[in-house]
Amino acid sequence: MYALGSERTRLALMPGLTHALLAQRGHLLLWVPVCLGVGIGVYFSLPAEPSAVHWLVLALAAACAAALASHAGEAAAPLVWALVLVAVGVALGGWRSHQVSAPVLGFRYYGPVEGRIVAIDRSASDAVRLTLDRVRLDRVSLARRPERVRVSLHGDQRWLTPAPGQRIAMTAHLGPPNGPVEPGGFDFQRHAWFDRLGAVGYTRTPALLLAPADPDDLTLRLFVWRMALAQAIRDRVAGQPGAVAAAILTGDRSEINGTVTETLRAANTSHLLAISGLHMGLLTGTVFTALRFLIALWPWLALRAPAKKIAAAGALGAGAGYLLLSGGSVSTERAFAMVAVMLSAVLLERRAISLRAVALAAILVLLRRPEELMGPGFQMSFAATTALVAVFEGVRHRREAQARARSIAGLAPPRRWPRGTGWIAGTILSSLVAGLATAPFAAAQFNRVADYGLIANLASVPVMGALVMPAGVLAAVLAPLGLAEVGLTPMAWGLRWILWVAQQVSGLDGAVSTVPAPGPWVMPVLSLSALFLMLWQGHGRWGGVAGIALAALLWTQSERPVLLIADDGALAGILTAEGRALTKARGSSFAAGIWLENDGDPTEQAQAAARAGWTGPPEDRRAVVAGLPVRVMSGRGQAARLGGRCGPGLLVTSVEITPPPAGPCRLLDPPARRATGALAVDGQGRLITARAQQGARPWVP
């Protein structure tokens, strides 16, 4: 009887499932980037790099599945193709990883460094930072020499004004890119691998010019022109509004100080600094509207020429120019891909703004740079765009359905809102939807939520769209005539307003709330559930709400490590009722800041070090964590203090002790930590290492 009942249930469910799958016909393109993204995510989560045998098996399995798809039923075929696309996503990740392969410095280096400047920005400590290629290091062979290095300039640097293409020399400290500051944290080694960045470091000695930029290098010539344009903008618009104007128009953010960046971040308007979909959309939209208006002013041309297509082609050209002008950063490439797909739809007489256009843009980005899936830029950009298009398409479909129903019933069309109110409502709805869509990703990446971000964006984004970007376009058009100030002056007005709004909002009580880092499954579950809610056709889409609720529950249940140990052994922190207690108030500030951020704890390092939890003098700190004794030793004379023996638990030393002490302890000295990276102990007393979490991947030493 039980088997019979189960069979009846299965047969009853099958028609419903088949009907739900068939309802997706015509919308399957929307799921292509989702499946590719799942495969890319699988690749980056693998514990070890696949071997040639693994890739061969994957290729054969995908080929067999593709061959079987033609024989599968109409409902089952999309599921088979979905598996094929997941396999393609895995292969994309592996192909890109090996394509960018370049030497990584395997040791600490101090000595002469020569190279050509290919990027100029600022470090977290507000120091000028140079990225160099064509690198030369003393007594380092070509096979071991990094393709690119990044050096922060400290000390007196009056002898050099950095410019793109210059070949410079300095004496610098270099080392390989650091791993995560805690197991499962942000993996800078992976990020550097895909940027071909093989070493990072700093110099406190003067950097000297060896040779000026090569005038025949087209790429560097564009870079030089872009930096000159940025400086010209800053010369005409004084202060931080000029620095922000240069960032918006050229992508050069090197003169924006840390205070302004932090203020915009606290007001949730820092996205206005990066050349992203908003800027590209506003620029191309301004050009599109202006060209259509100009054509309409000439009736003879307006009656004979396809004004909409001409405007779309002009806007596409302006977008391509903006891409070159801004230096072709990853975020700008992503924005241009989205805009190019939409404007191409206009040229082909298709709907420009649709989920299909968003899907095509995502496919292009993932095919070109699959690693972008793991970055906050891709996640937040496509989360906002997909949510906005889905919501406004839903609003449009609802209005059309209501209009048809009233027409069939013989009723008059619904009354339109007063002129102007629709624009206001649309602005509010756009800011609300985009804010809600990006908030979880911002909270997961930066451990903070701007509580008044909606207010700041409502006051800033319309000014950006109605004044700042149109004025920037006007400045670009009039610049060859020497009249750039005509556009830059109103642009500066708008930027001063935006900065003032950010300052006022960020200064409100409770402007920023901190949240702990989510567990590893939270964001995948949340992302896939939200996509299911927006993309699935039929009432089954509401199952995505349950998935989002599950992700929120998992987030609230995420547990932070009870003990964290930095990879250099210089800092450790235990989780107490007050928050994380650190072993020292100064030094290792980067790791300390990241730990406290991931805890959702806005405390400064000195305050965290004053918390109860550790005992003993600063050079010999002791604690018991989850029943595990921990001893952290630093400074000189560690071997003498041990007396040749150690007790049970973890013993962390800042220097190598030879011979190792006798006793039941587990010694974590520099050689051991080089193999483990940063360490953590969970609530059950288990030791977790960063290297184990990273796995055996190409970017892991």
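Throughout, residue positions are numbered sequentially from 1 according to the sequence presented.
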Assess the residue pair Asp187 and Gln694 against the criterion (side chain to side chain donor-acceptor pair (under 3.5 Å)); give the C-alpha distance rounded to whole Å, side-chain angles, the decisive distance to 0.1 Å, and a yes or no. CA-CA 8 Å; Asp187 193 346; Gln694 288 179 286; 3.0 Å; yes

Please step through side chain to side chain contact (heavy atoms under 4.5 Å, CB included) for the pair Leu571 and Trp595, ending with a clear verdict. CA-CA 11 Å; Leu571 182 71; Trp595 291 354; 3.6 Å; yes

Checking His98 against Ser101 for the side chain to side chain donor-acceptor pair (under 3.5 Å) test, could you report, in this order, the C-alpha distance in whole Å, the side-chain angles of both residues, the deciding distance, and whether it holds? CA-CA 5 Å; His98 291 279; Ser101 177; over 6 Å; no

Side chain to side chain contact (heavy atoms under 4.5 Å, CB included) evaluation trace for Leu628 with Leu650: CA-CA 7 Å; Leu628 181 70; Leu650 297 179; 3.7 Å; yes

Applying side chain to side chain contact (heavy atoms under 4.5 Å, CB included) to Leu137 and Leu105, what does each step give before you reach the verdict? CA-CA 11 Å; Leu137 303 178; Leu105 195 66; 4.2 Å; yes

Kindly determine whether Ile565 and Leu668 satisfy side chain to side chain contact (heavy atoms under 4.5 Å, CB included), including the steps that lead there. CA-CA 10 Å; Ile565 302 170; Leu668 299 174; 4.2 Å; yes

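With Arg108 contributing its side chain and Pro176 its backbone, the two residues share no donor-acceptor pair below 3.5 Å. No donor-acceptor distance shorter than 3.5 angstrom exists from the side chain of Ser527 to the backbone of Pro524, with no hydrogens or angles considered. Proximity of a side-chain donor or acceptor of Ser381 to a complementary backbone N or O of Phe378 within less than 3.5 Å is not detected. Under a 3.5 Å cut-off, the side chain of Arg196 and the backbone N or O of Ala102 do not form any donor-acceptor pair. A donor-acceptor pair under 3.5 Å is absent between the side-chain atoms of Thr653 and the main chain of Met633, judged by distance alone. The closest donor-acceptor contact from the side chain of Asn457 to the backbone of Gly453 lies under 3.5 Å. At distances below 3.5 Å, at least one donor-acceptor pair connects side-chain atoms of Gln240 with backbone N or O atoms of Asn257. The backbone N or O of Pro516 sits less than 3.5 Å from a side-chain atom of Trp555, completing a donor-acceptor pair. Within the 3.5 Å criterion, the main-chain N or O of Ala127 finds a donor-acceptor partner in the side chain of Ser123. Side-chain atoms of Ser558 come within 3.5 Å of backbone N or O of Leu554 as a donor-acceptor pair.
Put simply, OG on Ser97 and CD on Glu371 are 9.0 Å apart, with the number rounded to the nearest 0.5 Å. Between atom CG of residue Leu667 and atom CG of residue Leu642 there is a gap of 8.5 Å, rounded to the nearest 0.5 Å. How far CZ of Arg674 is from CG of Asp669: 8.0 Å, rounded to the nearest 0.5 Å. To the nearest 0.5 Å, the span separating CG on Asp601 from CD on Gln607 amounts to 9.0 Å. Rounding to the nearest 0.5 angstrom, the gap separating the CG atom in Leu528 from the CG atom in Leu533 is 12.5 Å. Here the straight-line distance linking atom CG of Leu582 with atom CZ of Arg621 works out to 10.0 Å at 0.5 Å rounding.
Across all their heavy atoms, Leu564 and Ala680 have their closest contact at CD2-CB, 3.7 Å. Residues Thr269 and Ser460 share a closest heavy-atom pair of CG2-OG, 4.2 Å. Shown here for Ser506 and Ala511, the closest heavy-atom pair between the two residues is O-CB, 3.6 Å. Pairing each heavy atom of Val135 with each of Leu132, the nearest pair is CG2-O, 3.7 Å. Between Ala456 and Ala267 the shortest heavy-atom distance is CB-O, 3.3 Å. Listed here is the closest heavy atom pair of Asp599 and Leu575: OD2-CD1, 4.3 Å.
You'll find the side chain of Gln379 stays beyond 4.5 Å of the side chain of Met523, heavy atoms only. Between Arg666 and Leu651 there is no side-chain heavy-atom pair separated by less than 4.5 Å. Tyr202 has its side chain within reach of Arg204: a pair of non-hydrogen atoms, C-beta onward, lies under 4.5 Å apart. At least one side-chain heavy atom of Pro671 sits under 4.5 Å from a side-chain heavy atom of Glu656. Side-chain contact between Val515 and Val449 is present, with heavy atoms from C-beta onward closer than 4.5 Å. Cys665 has its side chain out of reach of Arg645: every pair of non-hydrogen atoms, C-beta onward, lies at least 4.5 Å apart. Under the 4.5 Å side-chain criterion, counting only non-hydrogen atoms from C-beta, Val42 is not in contact with Ile40. Contact of the Leu366 side chain with the Leu373 side chain is registered, since non-hydrogen atoms from C-beta on lie closer than 4.5 Å.
Residues Arg611 and Glu604 are not paired through a salt bridge, judged by the lack of any N-O separation under 4.0 Å between the basic side chain and the carboxylate. Remark: Asp567 does not engage Arg673 in a salt bridge, criterion side-chain N to carboxylate O under 4.0 Å. Using a cutoff of 4.0 Å between basic side-chain nitrogens and carboxylate oxygens, Lys584 and Glu619 are not scored as salt-bridged. A salt bridge is defined here as a Lys NZ or Arg NE, NH1 or NH2 lying under 4.0 Å from an Asp or Glu carboxylate O, and Asp195 with Arg148 fails to meet this definition.
With Tyr43 as the aromatic partner, Arg697 meets the cation-pi criteria of under 6.0 angstrom to the ring centre and within 45 degrees of the ring axis.
Between Phe194 and Phe44, a ring centre-to-centre spacing shorter than 6.0 Å is recorded.
A donor atom on one side chain and an acceptor atom on the other are not found under 3.5 Å apart for Glu597 and Thr514. Donor-acceptor pairing under 3.5 Å is lacking for the side chains of Arg641 and Gln638.
For the side-chain contact (heavy atoms from CB on, under 4.5 Å) with Val113, the qualifying choice from Leu174, Asp138, Thr203 is Leu174, the only one to do so.
Counting heavy atoms of neighbouring residues, nucleotides and ligands inside a 6.0 Å radius, atom CZ of Arg144 does not exceed 12 of them.
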